[in-house]
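For reference, positions follow the sequence shown, starting with 1.
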Amino acid sequence: MSEPQIRSGAINGAVPHAVAPASARPSVIQLVFREKGALYAAYMPVFADGGLFVPTTREYRIGEDIYLLLSLPDDPQRYPVAGKVGWITPANASGGRTQGVGVRFPNDEKTRGLKLKIEEVLGTSIASAKPTQTI
């Protein structure tokens with residue numbers, strides 16, 4: 001299973017892998033899922049409004065704003081998501097888990113549609129017992 005392709009930067013610069021100071025605008029991460037397996041591994045149904053795990057070495061705080069530009073498998077559209085960090089997997093986490101953050105989707109109509117789209121793409125695999133990058 002391959003991991004999603006990620007490009008990150010600050011909103012005002014879009015510099016790949018830029019580390020913005022805490023007072024800066026939210027970071028922007030382009031998250032491209034080419035395979036359903038990678039989307040399954042990153043999807044976080046534990047958040048009521050949905051969310052995604054984003055592998056990153058950048059340090060974030062719970063509640064910090066984060067902006068995703070999301071591409072789903074076999075879908076040419078990019079979906080903007082203004083989320084918040086709701087989960088942190090630190091470096092050297094137990095079980096060999098990948099360092100990164102869980103981005104909690106906002107509670108709005110547009111993002112509810114995206115959550116349904118992700119769950120439609122995942123289909124019955126969403127109930128799988130296969131391990132993910134989250135819980």
**Q.** Counterpart residues, side chain to side chain donor-acceptor pair (under 3.5 Å), relative to Glu109 (two or more places apart)
**A.**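 Partners of Glu109 by the side chain to side chain donor-acceptor pair (under 3.5 Å) criterion, ordered by chain and then number, come out as Arg112.
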Q. What pairs with Thr111 under side chain to side chain donor-acceptor pair (under 3.5 Å), at least two apart in sequence or on another chain?
A.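 Thr111: side chain to side chain donor-acceptor pair (under 3.5 Å) contacts with Asp108.
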[X] [atom1] to [Y] [atom2] distance, which is reported to the nearest 0.5 Å:
| X | Y | atom1 | atom2 | answer |
| --- | --- | --- | --- | --- |
| Tyr40 | Ile118 | OH | CD1 | 14.5 Å |
| Leu39 | Leu72 | CG | CG | 6.0 Å |
| Tyr43 | Lys115 | OH | NZ | 4.5 Å |
| Phe47 | Asn107 | CZ | CG | 14.0 Å |

Q: Pick out which of Ile29, Leu68, Leu31, Leu69 makes a side chain to side chain contact (heavy atoms under 4.5 Å, CB included) with Val81.
A: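 Of the listed options, the one satisfying the test is Leu68.
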Nearest atoms (heavy-atom pairs only) where [X] meets [Y]:
| X | Y | result |
| --- | --- | --- |
| Lys36 | Pro73 | N-CG, 3.9 Å |
| Pro55 | Thr98 | CB-CG2, 3.9 Å |
| Tyr60 | Ser27 | OH-OG, 2.7 Å |

Q: Using the rule that two of Ile, Leu, Val, Met, Phe, Trp, Tyr join whenever any of their side-chain heavy atoms come within less than 4.5 Å, decide whether Leu114 and Leu116 are in one cluster.
A: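 Hydrophobic grouping puts Leu114 apart from Leu116.
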Q | Contact list for residues 69-80, test salt bridge (charged side-chain N to carboxylate O under 4.0 Å, His left out), sequence neighbours left out | A |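 Listed once each, the pairs are Asp75-Lys117.
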Q: Among residues two or more places apart or on two chains, list those pairs meeting salt bridge (charged side-chain N to carboxylate O under 4.0 Å, His left out) that have a residue in residues 83-95.
A: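 Listed by first then second residue: Asp65-Lys84.
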Q. Can you check side-chain contact (heavy atoms from CB on, under 4.5 Å) on Phe33 and Leu70, steps first, answer last?
A. CA-CA 8 Å; Phe33 291 97; Leu70 176 63; 3.4 Å; yes
Q: Could I get the full list of side-chain contact (heavy atoms from CB on, under 4.5 Å) partners for Ala82, not counting sequence neighbours?
A: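 Scan of Ala82 (side-chain contact (heavy atoms from CB on, under 4.5 Å), adjacent residues dropped) gives Tyr67.
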